[in-house]
Amino acid sequence: MILYLSYFNLAGIKLVSSQTFDVHVEQNLTLQIQLISDKDRYSFCWQDGYKTELKKVNASHQFVNLGWQAKQRGLFRFPRVRLYSTAPFGLFNVWTWLDFNRKTYVYPKPLTCPEYQFGTGRSDSEMDDSSNDENIGDSEFYGLKPYQLGEPLSRVAWKRASYNNEWQVKQFEQSISDDVWFSLAKVAGSEIEEKLSKLTWLLINAQQQNMTYGLELGHKVLQPQTGAAHLKSCLLALAKY
């Protein structure tokens, strides 16, 4: 008879998982579960990361949060969870496995680096490319100056040089922009995880300061924007890197 009581204490309850949320490394990953029951039940134990337990499940419905610690960045798939109960007298252990098929992303842990808070600029290769005439963009022609060794040959005024044999380079006045760039290639760090953590802090700080910021991760470039959706896109790129 007691075995049947143990079985029916667990049988027939409905469990529904809710939306998950992205977190940073070392934060708590939470999976909220709604329990829908037609009667009172007792001693519900989950083998999650924190051995969550409910001494009583009320008739109707209630919620419980299962938790795990985020140990590394990237995609996290919530594991199967063993739910068991030893009610009513602790003589029998009735259990089942639950698979909610949920996943979320873990962002790098923010690492404070105020030396880059106003931007790192873009990578050296991008800066070199931007010196070409075809990439001047909205810049306007400003004048000529004597050529200095090492300056891009694409800026040399060749027609004028053919007249007087003096090399001069074109100067351009760029339009003022408030855009801020953060580049993985420009952030100092001994390991890639350290650099990604610094970028994480920089992005969050830039959003808090209402900056318009862009992110450069190698060949992946997120153009300058602002807002919560843009911040999430940037952090997601760091998590997937």
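In this chain, residues are counted from 1 in sequence order. Reckoned from all heavy atoms, side chains included, excluding hydrogens, waters and symmetry mates.
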Going hydrophobic residue to hydrophobic residue with side-chain gaps under 4.5 angstrom, can you get from [X] over to [Y]?
X: L196; Y: V221; value: no
X: F8; Y: L35; value: no
X: Y241; Y: L111; value: no
X: F44; Y: L98; value: yes

Atom pair [atom1]/[atom2] of [X] and [Y] - distance to nearest 0.5 Å:
X: L66; Y: L15; atom1: CG; atom2: CG; answer: 9.0 Å
X: T226; Y: H230; atom1: OG1; atom2: NE2; answer: 7.0 Å
X: L217; Y: L222; atom1: CG; atom2: CG; answer: 7.5 Å
X: Q69; Y: E26; atom1: CD; atom2: CD; answer: 6.5 Å
X: D48; Y: L31; atom1: CG; atom2: CG; answer: 9.0 Å
X: F182; Y: M211; atom1: CZ; atom2: CE; answer: 6.0 Å

Quick one: are [X] and [Y] in side-chain contact, heavy atoms under 4.5 Å?
X: Y107; Y: L238; result: no
X: P114; Y: T112; result: yes
X: K103; Y: L75; result: yes
X: K109; Y: T200; result: no
X: F21; Y: Q27; result: no
X: L29; Y: T104; result: yes
X: S6; Y: P88; result: yes
X: S37; Y: H61; result: no

Heavy-atom count around [X] [atom1] within 6.0 Å, excluding the residue itself: above 12?
X: Q72; atom1: CD; answer: no
X: F63; atom1: CZ; answer: yes
X: D38; atom1: CG; answer: yes
X: K220; atom1: NZ; answer: no
X: Y50; atom1: OH; answer: yes

Ignoring hydrogens and geometry, is there a side-chain-to-backbone donor-acceptor pair from [X] to [Y] under 3.5 Å?
X: E216; Y: S123; value: yes
X: Q117; Y: C113; value: no
X: R41; Y: A11; value: yes
X: H24; Y: P108; value: yes
X: Y116; Y: A188; value: yes
X: T120; Y: S183; value: yes

S85/N9 under side chain to side chain donor-acceptor pair (under 3.5 Å): CA gap, chis, key distance, verdict: CA-CA 8 Å; S85 176; N9 179 60; 2.9 Å; yes
Which residues share a ring pair (Phe, Tyr, Trp, His ring centres under 6.0 Å) with F78, sequence neighbours left out: W68, F76
Pairing residues for W181 by the ring pair (Phe, Tyr, Trp, His ring centres under 6.0 Å) criterion, not counting sequence neighbours: none
Atom of [X], atom of [Y] and distance for their closest heavy-atom approach:
X: T52; Y: N65; value: OG1-O, 3.7 Å
X: T86; Y: S43; value: OG1-OG, 3.9 Å
X: N28; Y: T30; value: ND2-OG1, 3.5 Å
X: L10; Y: I13; value: O-CG2, 3.4 Å

Would [X] and [Y] pass as an ion pair if we require N to O under 4.0 Å?
X: E191; Y: K195; answer: no
X: R102; Y: D99; answer: no
X: R73; Y: E193; answer: yes

Verdict with reasoning, D179 to Y213, per side-chain contact (heavy atoms from CB on, under 4.5 Å): CA-CA 6 Å; D179 294 349; Y213 54 93; over 6 Å; no
Side chain to side chain contact (heavy atoms under 4.5 Å, CB included), paired with Q207, selected from L202, L235, L231: L231
Step-by-step side-chain contact (heavy atoms from CB on, under 4.5 Å) determination, Q62 to V64: CA-CA 7 Å; Q62 68 184 91; V64 62; over 6 Å; no
Side-chain cluster (under 4.5 Å, hydrophobic types only) that Y42 belongs to, other residues: none
V23 vs Y105, side-chain contact (heavy atoms from CB on, under 4.5 Å): CA-CA, chis, key distance, verdict: CA-CA 7 Å; V23 300; Y105 277 94; over 6 Å; no
L199 vs V187, side-chain contact (heavy atoms from CB on, under 4.5 Å): CA-CA, chis, key distance, verdict: CA-CA 8 Å; L199 284 174; V187 175; 3.8 Å; yes
Aromatic ring pairing W95/W97, orientation class (parallel under 30°, perpendicular over 60°, tilted between): perpendicular
